[in-house]
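A short write-up of the structure that comes next.
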Amino acid sequence: MSSSILVTGGAGYIGSHTVLQLLLGGYKAVVVDNLDNSSEISLKRVQELAGKQGSNLIFHKIDLRDKPALEKLFASEKFDAVVHFAGLKAVGESVQKPLLYYDNNLIGTIVLLEVMAAHGCKRLVFSSSATVYGSPKTVPCTEEFPISALNPYGRTKLFIEEICRDLYQSDHTWKIILLRYFNPVGAHPSGYIGEDPRGIPNNLMPFVQQVAVGRRPALTVYGTDYGTKDGTGVRDYIHVVDLADGHIAALNKLSDTSVGCEVYNLGTGKGTSVLEMVASFEKASGKKLPLVMADRRPGDAEVVYAETDKAEKELKWKAKYGIDEMCKDQWNWASNNPYGYEPAK
């Protein structure tokens with residue numbers, strides 16, 4: 001009998017790519033998603049990409065804050081583990097609507113953990129973020145760095161990590177892995193699933209992609225006077241398929257008796273500047289992107305990249321793809337799906 005994994009937020013960008021890797025790895029994937037910032041079409045496409053394994057995907061439209069609905073699901077099915085992606089993630093929106101973020105991300109997680117505990121499912125992989133490092137004083141960021149957050153979105157990730165640590169301290173039968181992602185980009189090489197943010201994108205690459213397909217007039221580069229090689233901010237970009245494989249590695253690690261509540265960085269361990277990323281995307285797409293140079297955004301760190309030794313050693317996982325593959329796959333997705341999962345306008 002294959003393991004049954006509950007994936008919250010499985011219709012989203014990282015969720016859908018991880019669900020595909022789960023199916024291809026022989027797992028059964030049960031997805032719950034409220035479709036607030038995602039499309040059910042992504043899961044239909046995941047099923048197609050998974051071929052005969054696609055029949056091992058089940059979808060329920062559930063909001064995690066709906067405890068009776070979640071209770072009913074756990075009563076009807078036994079899960080071996082939960083991969084928890086579900087959460088709102090736009091930094092700017094979190095600053096304007098902090099209560100929305102605390103309600104959705106924190107309450108949703110607390111309800112999920114309560115229901116998991118009640119049904120004896122105590123294995124969790126949580127989608128955390130490098131945003132918990134705040135503005136690190138040095139790089140690369142190791143898992144032992146002090147954590148702090150610069151905005152309500154980041155604080156929800158930080159608080160959930162703390163909730164998980166407290167839960168483990170209170171009950172050592174829990175096994176929890178917190179994955180701190182750096183900057184996920186790219187798409188499945190098929191170009192059939194990818195990132196489809198609603199509204200104005202918050203992150204660099206979806207913005208780049210929308211400029212390249214003509215949905216936005218120009219790319220705004222925030223900050224050109226940083227102490228970096230070209231003056232623009234430096235980040236650790238990771239291919240979404242590498243990131244998805246990191247979740248499979250984390251699930252495998254949960255069966256290790258030594259695991260309590262562990263943190264792992266998922267990144268490439270290399271920093272890439274905004275302008276380097278733009279150049280790589282221009283090469284992949286054959287398009288020149290119009291740029292608008294702007295002041296730094298408050299709360300943006302200058303340089304952030306990961307130390308990945310711990311994940312390499314303990315999860316036996318290492319990122320395989322570089323920025324050229326990330327940009328090639330992102331362009332393949334964007335050029336085939338200029339409006340994401342919506343029909344072309």
Side-chain angles (χ1 to χ4, degrees), residues 12-14 37 88-98 101 129-131 133-136 139 149-154 181-187 194-240 267 270-305 323-324 326-335 337-340 342 344-345:
Y13 172 42
I14 304 164
N37 193 29
L88 296 171
K89 60 172 191 159
V91 171
E93 184 184 50
S94 80
V95 174
Q96 286 152 0
K97 302 175 180 174
Y101 273 65
S129 164
T131 187
Y133 293 120
S135 262
V139 283
L150 302 171
N151 51 64
Y153 158 70
Y181 316 161
F182 281 69
N183 296 60
V185 297
E195 187 166 12
D196 179 25
R198 305 265 164 98
I200 298 174
N202 181 57
N203 299 332
L204 174 68
M205 289 309 278
F207 217 110
V208 164
Q209 134 186 338
Q210 291 189 7
V211 173
V213 298
R215 284 175 63 180
R216 296 191 183 278
L219 172 70
T220 305
V221 177
Y222 294 101
T224 54
D225 58 350
Y226 287 114
T228 57
K229 51 194 153 186
D230 58 24
T232 62
V234 168
R235 295 291 179 271
D236 188 337
Y237 296 94
I238 174 172
H239 196 298
V240 67
K270 295 184 189 72
T272 303
S273 77
V274 171
L275 292 182
E276 285 174 324
M277 209 62 185
V278 168
S280 179
F281 193 88
E282 287 182 335
K283 192 174 90 184
S285 64
K287 290 182 178 289
K288 192 90 187 114
L289 299 180
L291 302 180
V292 174
M293 300 306 183
D295 292 340
R296 300 179 186 192
R297 280 188 303 199
D300 275 355
E302 181 166 89
V303 179
V304 182
Y305 61 92
I323 64 167
D324 289 344
M326 296 175 209
C327 290
K328 179 173 80 78
D329 291 340
Q330 184 115 18
W331 174 241
N332 186 29
W333 153 254
S335 53
N337 305 271
Y339 286 87
E342 301 298 315
K345 295 182 170 52

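Only heavy atoms go into these numbers, but all of them, side chains included; no hydrogens, no water, no symmetry mates. Residue numbers start at 1 and run along the sequence shown.
- Residues Tyr181 and Ile14 have side chains in contact (heavy-atom distance under 4.5 Å, counting atoms from C-beta outward).
- Atom-to-atom distance recorded for Asn203:CG and Tyr237:OH is 8.5 Å, nearest 0.5 angstrom.
- When side chains are defined from C-beta on, Tyr153 does not count as touching Leu88, because their heavy atoms never get closer than 4.5 Å.
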Carefully, step by step, assess Val213 and Trp331 under the rule side-chain contact (heavy atoms from CB on, under 4.5 Å).
-> CA-CA 9 Å; Val213 298; Trp331 174 241; 3.9 Å; yes

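- Here the closest heavy-atom approach between residue Ala218 and residue Val292 is recorded as CB-CG2, 3.8 Å.
- The shortest non-hydrogen separation linking Gly194 to Ala187 is CA-CB, 3.9 Å.
- A cation-pi arrangement is found for Arg216 relative to Phe207, the charged atom lying closer than 6.0 Å to the ring centre and inside a 45° cone about the ring normal.
- Within the 4.5 Å cutoff, the side chain of Tyr222 has no heavy atoms near those of the Leu204 side chain.
- Distance check, rounded to the nearest 0.5 Å: CE of Met205 to CD1 of Ile323 gives 8.5 Å.
- Closest of all the heavy-atom pairs between Ser280 and Asp324 is OG-OD1, 2.9 Å.
- Asp329 places a side-chain heavy atom less than 4.5 Å from the side chain of His239.
- Closest approach of Met277 and Met326 over heavy atoms only: CE-SD, 4.3 Å.
- What you find for Gly340 and Asp196 is that their closest heavy atoms are CA-OD1, 3.4 Å.
- Electrostatic pairing of Lys287 and Glu282 does not count as a salt bridge here, judged by no charged N lying under 4.0 Å from a carboxylate O.
- Put simply, the side chain of Thr224 does not reach to within 4.5 Å of the side chain of Val274, judged on heavy atoms.
- Taking Phe182 as the reference, nothing meets the ring-ring contact (aromatic ring centres under 6.0 Å, His included) condition, with sequence neighbours excluded.
- Using a cut-off of 4.0 Å between Lys/Arg side-chain N and Asp/Glu carboxylate O, Glu342 and Arg215 are scored as not salt-bridged.
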After noting the C-alpha distance and the side-chain angles of Glu302 and Lys229, does the key distance pass the salt bridge (Lys or Arg N to Asp or Glu O under 4.0 Å) rule?
-> CA-CA 11 Å; Glu302 181 166 89; Lys229 51 194 153 186; over 6 Å; no

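- Rounded to the nearest 0.5 Å, atoms CG (Asn332) and OG (Ser285) are 12.0 Å apart.
- Between Ser94 and Pro152, the closest heavy-atom pair is O-CG, 3.2 Å.
- One distance of note links CG of Asn183 with CD1 of Ile238; it measures 9.5 Å at 0.5 Å rounding.
- With hydrogens and angles left out, the side-chain atoms of Tyr101 and Glu93 include a donor and acceptor closer than 3.5 Å.
- Between Arg296 and Asp225 there is a salt bridge, since at least one side-chain N of the basic residue sits less than 4.0 Å from a carboxylate O of the acidic one.
- Side-chain contact between Pro338 and Gln210 is absent, with no heavy-atom pair separated by less than 4.5 Å.
- A search for ring-ring contact (aromatic ring centres under 6.0 Å, His included) contacts involving Tyr13 returns His17, not counting sequence neighbours.
- Taking 4.5 Å as the limit, some side-chain heavy atom of Gln330 sits within range of a side-chain heavy atom of Phe281.
- A side-chain donor-acceptor contact under 3.5 Å links Asp230 to the backbone of Thr232.
- Taking OG1 of Thr220 as the reference point, atom CE of Met293 lies at 10.0 Å (rounded to 0.5 Å).
- Counting only heavy atoms from C-beta outward, the side chains of Ser273 and Thr228 never approach each other to under 4.5 Å.
- Exactly one residue among Val278, Leu291, Leu219 makes a side chain to side chain contact (heavy atoms under 4.5 Å, CB included) with Val211. That residue is Leu219.
- Atom-to-atom distance recorded for Cys327:SG and Glu276:CD is 11.0 Å, nearest 0.5 angstrom.
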